[in-house]
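Order of appearance sets the numbers: ligands from 1, and atoms from 1 within every ligand.
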Amino acid sequence: MPSHDPIRFNQTTLEGRELDYIRQAIEQGHTSSSGPFSHKVEELLVTAHDAADVLLTTSCTDALEMSALLLDVEPGDKVIVPSYTFVSTALPYARQGAEIVFADIEPDTLALDPTSVAGLLDPAVRAVITVHYAGIGGDVDGLISVMPDDVELVEDNAHGLFGRIGAKTLGTFGRFSALSFHETKNFVCGEGGALVLRDEGDVDRAHILYDKGTNRRQFFLGRVDKYSWQDTGSSFGMSDVSAAYLLAQLEQKEIVLAKRRAVFDAYVEHFSEVAPRLGLTLPSVPDDRSPAYHMFYLLCPSRSVRDTLLAGLAERGITGTFHYVPLHSAPGGRKFSSRQYDCPVTDDISGRLIRLPFHNALTTEDQERVAEAVVTILEGLT
Ligand SMILES: *Cc1c(COP(=O)(O)O)cnc(C)c1O
């Protein structure tokens with residue numbers, strides 16, 4: 001086997017003025033939260049979502065924690081989440097004492113299945129949290145049509161910034177949506193997130209929770225003559241140094257999306273023809289969806305083929321990865337739910353899905369090497 005440089009699964013890249021901006025943030029002297037770079041990023045994200053407000057947080061997990069506090073989720077409440085997701089989709093609500101209810105996903109978009117959700121609704125359900133897996137919009141209309149009016153929709157939009165369903169941007173359907181700027185996401189600043197507020201009525205309280213339970217913002221806006229402790233909260237704010245890094249990334253939005261789209265399309269090109277013969281399924285993008293191109297995955301015919309493929313790629317210096325381990329059967333999932341759940345699509349997909357190397361700087365040559373390796377390994381099995 002010829003020796004090659006390793007092909008990494010993910011790699012962060014400088015896309016523009018990151019280093020200049022970080023330097024400026026430090027020199028300006030306002031390096032804590034709510035500084036000049038933070039305001040620019042917030043403005044950009046408010047515009048992108050036509051939002052009432054956006055608050056930059058230290059992570060997507062934190063942004064979802066804020067949503068749990070804003071909804072006053074408490075013991076006795078239930079929150080429905082997909083089983084096929086990252087822990088952070090469920091944890092913030094579990095931490096507030098809610099009972100977690102696990103719904104299954106649709107076999108095509110791998111997002112929350114409205115039929116599964118409909119079967120789990122009862123009067124204790126306060127919220128449904130949806131994830132646009134891989135940056136491909138889920139069936140939000142279907143979800144809304146089964147949800148009673150007093151149940152809130154929250155979008156864990158860690159994968160989907162700038163994706164769309166029809167003309168509507170992902171993250172604008174729910175009362176709250178949460179973004180991630182973790183180093184593994186499309187736009188990065190190390191660790192970071194944002195809470196997007198759709199409703200004007202949530203803005204004042206969100207800022208109080210954000211500022212350690214104080215009405216500090218109202219003081220700075222001149223609405224009160226001193227600020228004091230008002231409510232629950234925490235220290236959720238992103239450093240302006242991180243916001244400087246993030247602004248530079250978001251300024252290159254079109255370029256980053258184009259690079260990621262090119263990687264996605266090239267994989268589709270490589271695999272479309274051979275997929276039926278090799279028993280592979282490619283990601284399904286419904287006609288009315290514009291993805292955010294967060295990742296590229298393949299569904300293998302079985303778990304053993306997937307595991308063989310992962311091992312074969314590793315031998316060739318290529319890092320592929322599996323993805324979510326179902327939450328409904330994980331120790332934490334059982335701890336925060338009151339009964340066992342059946343999520344057959346989640347179990348099936350989790351066992352068969354492999355993610356291929358995907359990042360802004362992945363070269364055409366490296367992608368060819370990945371595709372050839374996948375085909376060689378799978379052909380060797382037959
Ligand atoms: C990455 C991710 C998160 C967590 O994001 P952090 O910013 O690391 O807290 C939450 N949900 C999903 C679906 C994710 O992929």
Side-chain angles (χ1 to χ4, degrees), residues 9-10 12 33 38 41 45 54-69 79-95 100 102-103 105-106 109-112 127-138 140 143 153-163 170-171 173-174 176-196 210 234-239 242-243 245-246 249-250 260 283 291-297 321-328 330 332-333 343 346 349-350 353 355 358-359:
F9 177 70
N10 183 50
T12 54
S33 70
S38 301
V41 172
L45 293 174
V54 170
L55 291 91
L56 291 183
T57 58
T58 53
S59 66
C60 178
T61 310
D62 259 10
L64 291 168
E65 284 192 8
M66 285 191 69
S67 79
L69 294 177
V79 172
I80 299 180
V81 306
S83 173
Y84 189 68
T85 185
F86 191 57
V87 181
S88 299
T89 312
L91 183 60
Y93 310 96
R95 208 161 165 263
I100 304 300
F102 294 104
I105 51 170
E106 303 181 302
T109 63
L110 313 189
L112 207 46
V128 174
I129 323 300
T130 190
V131 177
H132 304 293
Y133 185 73
I136 300 166
V140 177
L143 280 179
L153 181 68
V154 179
E155 295 170 80
D156 174 347
N157 197 25
H159 301 180
L161 178 57
F162 304 126
L170 301 182
F173 296 92
F176 304 110
S177 72
L179 294 166
S180 176
F181 306 111
H182 183 266
E183 72 164 64
T184 52
K185 301 304 198 287
N186 291 11
F187 299 90
V188 304
C189 66
E191 296 272 6
L195 180 70
V196 179
Y210 187 80
S234 191
S235 182
F236 288 114
M238 176 191 283
S239 155
S242 300
Y245 181 176
L246 182 56
Q249 291 261 305
L250 291 172
R260 300 184 77 91
Y293 303 105
H294 176 53
M295 68 171 88
F296 185 85
Y297 66 81
T321 61
F322 56 88
H323 211 189
Y324 303 129
V325 177
L327 296 183
H328 72 283
C343 301
T346 296
I349 295 295
S350 172
L353 185 141
R355 292 181 294 158
F358 198 105
H359 55 79

> Considering only heavy atoms, which of N157, T61, L91 lies nearest to atom 9 (O) of ligand 1?
Replying inline: T61
>> Once rounded to the nearest 0.5 Å, what's the spacing between atom NE2 of H182 and atom CZ of F86?
In response: 7.5 Å
> Has the side chain of E155 got a donor or acceptor atom that lies under 3.5 Å from a matching backbone atom of G174?
Replying inline: yes
> Of the choices V188, D156, V87, which has the non-hydrogen atom that lies closest to atom 10 (C) of ligand 1?
Replying inline: D156
> What atoms of ligand 1 come within less than 4.0 Å of a heavy atom belonging to Y324?
Replying inline: 13 (C), 15 (O)
> Could you give the distance from CG (L91) to CG (L64), rounded to the nearest 0.5 Å?
Replying inline: 9.5 Å
> Which protein heavy atom lies closest to atom 15 (O) of ligand 1, and at what distance to 0.1 Å?
Replying inline: H159 NE2, 2.8 Å
> How far is atom 14 (C) of ligand 1 from its nearest protein heavy atom, and which residue and atom is that?
Replying inline: A158 CB, 3.4 Å
>> Nearest non-hydrogen contact with atom 2 (C) of ligand 1 belongs to which option: K185, E183, H132, H182?
In response: K185
> Looking only at protein heavy atoms, which one is nearest to atom 3 (C) of ligand 1, and how far off is it?
Replying inline: F86 CD2, 3.7 Å
> What atoms of ligand 1 come within less than 4.0 Å of a heavy atom belonging to C60?
Replying inline: 4 (C), 5 (O), 6 (P), 7 (O), 9 (O), 10 (C)
>> Taking 4.0 angstrom as the limit and counting only heavy atoms of S180, give me the atoms of ligand 1 inside it, by number and element.
In response: 5 (O), 6 (P), 7 (O)
>> For Y324, is there any backbone N or O sitting under 3.5 Å from a side-chain donor or acceptor partner on S350?
In response: yes
> Is there a heavy atom of G192 sitting under 4.0 angstrom from any atom of ligand 1?
Replying inline: yes
> Taking it one step at a time, do N157 and S177 satisfy side-chain hydrogen bond (donor to acceptor under 3.5 Å, both in side chains)?
Replying inline: CA-CA 6 Å; N157 197 25; S177 72; 5.2 Å; no
> For the side chain of N186 and the backbone of A292, is there at least one donor-acceptor N/O pair under 3.5 Å apart?
Replying inline: yes
> Does ligand 1 have a heavy atom under 4.0 Å from the side chain of S88, from its backbone, from both, or from neither?
Replying inline: side chain
>> Students often mix this up, so state it plainly: with edges at 30° and 60°, are the rings of F173 and H132 parallel, tilted or perpendicular?
In response: tilted
> Are the side chain of N10 and the backbone of E183 linked by a donor-acceptor contact shorter than 3.5 Å?
Replying inline: yes
